[in-house]
Amino acid sequence: MSDVRSAVRKVAVLGAGTMGNGIAQVCATAGMEVAMRDVEQAFLERGLAQIDKSLAKLHEKGALSEESRAAARARIRTTTDLKSAVEDADLVVEAIPERMALKIETFAFLGQHAPKHAILGTNTSSLSVTEIAAASGDPARVVGLHFFNPVPLMKLLEIVRGLGTADATIDTARAFAERIGKEPIVVKDFPGFATSRLGVILGVEAIRMLESGVASAEDIDKAMKLGYRHPMGPLELGDLVGLDVRLAILEHLHKELGEQFRPPALLRQMVRAGKLGRKSGEGFYKY
Ligand code: CAA
């Protein structure tokens, strides 16, 4: 381990999807050089378009000067080549799909090709950080860096300590959170951590209530917004997060924690039909 960890200058973000492009954006806005990597050029272009939209919105609202907006954008480069994305990184943030086999393959690669001083972060919402870390061959420098959607607006960074994560890695993760303007919490590696476990249980009950005809999607959401002051109802939040993402988390938590997380048939059907929420144009609502 070296002191470079406390001074993250270059970040590689793996995945240009909803989470990846948001993470790239907040790192670039905080002054870090970012290499955003995805497997296809089209995914990178879509991610960059999202970043442009979000930066423009923040500028329009007075949260970012024109100079800072342009400078942040200029700090982001894109590539489809994994090796070139990570080979000079101080920090890698993995935000690829929630499949353990993919994470293992990626972290095995990172263990070989990322610089030895680099921190290796995973944005997994519920998978075992300890298992992902083992694949890297150097678990001391692997940590969960769990961001929330929409990344530029949400204040929380959930830092997940794997079984072998070094204290120095946690310290760097905390310093990184502060630098990008997030409020960190540090949690033990346990299925669903402190956030997804509670968030998902509300979402899954809302889907079951919809299935049993308790109320319309609009009214279930309205109930939580007006009755409990949630900023969004659980069904519209599912649409924001992505129903495929929700299903993947549920399948994992069902296996790890039991029946209360069993995915409802309605959710499976919607995902099979390609109704994934906002990103596909339809979920519980049409966009
Ligand atoms: N970048 C910049 N600006 C954005 C943005 C983005 N990515 N997304 C939204 N905005 C802007 C909106 O355009 C809007 O601008 P105007 O005021 O000019 O219209 C502004 O932010 C506020 O948005 P809204 O008017 O829609 O109102 P809001 O006050 O409800 O804020 C919200 C939106 C922050 C998304 C809020 O509804 C909220 O906090 N929702 C809950 C989100 C949440 O729970 N996220 C966690 C999901 S779980 C997860 O991500 C982790 C996981 O593991 C799956």
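In listed order, ligands and their atoms are each counted from 1. Model, not experiment: these values are computed from the prediction.
Less than 4.0 angstrom separates atom 32 (C) of ligand 1 from none of the non-hydrogen atoms of the protein. Distance remark: protein heavy atom not present below 4.0 angstrom from atom 28 (P) of ligand 1. Atom 15 (O) of ligand 1 lies below 4.0 Å from at least one non-hydrogen atom of the protein. Per-atom contact check: atom 46 (C) of ligand 1 touches the protein, criterion being a heavy-atom distance below 4.0 Å. Counting only heavy atoms, the protein never gets under 4.0 Å from atom 25 (O) of ligand 1. When distances from atom 18 (O) of ligand 1 to the protein are checked, a heavy atom turns up under 4.0 Å. For atom 39 (O) of ligand 1, the nearest protein heavy atom lies closer than 4.0 Å.
For atom 50 (O) of ligand 1, the candidate residues are N149, V241, V245, L58; the nearest heavy-atom contact is made by N149. When the heavy atoms of E98, H146, K57, M154 are ranked by distance to atom 53 (O) of ligand 1, first place goes to H146.
Ranking protein heavy atoms by distance to atom 20 (C) of ligand 1, first place goes to K61 NZ, 3.1 Å. Summary of contacts: the protein heavy atom closest to atom 7 (N) of ligand 1 is P150 CB, 3.5 Å. Annotation: atom 9 (C) of ligand 1 to nearest protein heavy atom, L153 CD1, 3.5 Å. For atom 37 (O) of ligand 1, the closest heavy atom belonging to the protein is M232 CG, 3.4 Å. The nearest protein atom to atom 30 (O) of ligand 1, hydrogens excluded, is given as P231 O, 4.4 Å; this is a heavy-atom distance. Of the protein's non-hydrogen atoms, L237 CD1, 3.5 Å is the one closest to atom 44 (O) of ligand 1. Looking only at protein heavy atoms, the nearest one to atom 51 (C) of ligand 1 is F148 CD2, 3.4 Å.
Here K10 pairs with D88 in a salt bridge; the nearest charged N to carboxylate O distance falls below 4.0 Å. Classification of K57 and D52 as a salt-bridged pair fails, no side-chain N sitting under 4.0 Å from a carboxylate O. Checked for salt-bridge contact, D138 and R141 meet the test: a charged N lies under 4.0 Å from a carboxylate O. In summary, K103 and E98 engage in a salt bridge, as defined by a charged side-chain N under 4.0 Å from a carboxylate O. A salt bridge is defined here as a Lys NZ or Arg NE, NH1 or NH2 lying under 4.0 Å from an Asp or Glu carboxylate O, and K155 with E183 fails to meet this definition.
The salt bridge (charged side-chain N to carboxylate O under 4.0 Å, His left out) test applied to K222 returns no partner, not counting sequence neighbours. By the side-chain contact (heavy atoms from CB on, under 4.5 Å) test, L247 pairs with E251, P263, L267, R268, V271, sequence neighbours left out.
Nearest approach of S216 to L210, heavy atoms of both residues: C-CD1, 3.9 Å. Shown here for L58 and P152, the closest heavy-atom pair between the two residues is CD1-CB, 4.3 Å.
The shortest separation from a heavy atom of Q50 to ligand 1 is not under 4.0 Å, leaving the residue out of contact.
Side-chain contact, T172 with T169: no donor N or O sits under 3.5 Å from an acceptor N or O.
Between Y285 and Y287, the angle of the ring planes goes over 60°, which puts this pair in the perpendicular group of the 30/60° scheme.
Between the side chain of T165 and the backbone N or O of V143 there is no donor-acceptor pair closer than 3.5 Å.
Taking every heavy atom of S125 and a limit of under 4.0 angstrom, the matching atoms of ligand 1 come to 52 (C), 53 (O), 54 (C). Less than 4.0 angstrom separates some heavy atom of S54 from each of these atoms of ligand 1: 1 (N), 2 (C), 6 (C), 7 (N).
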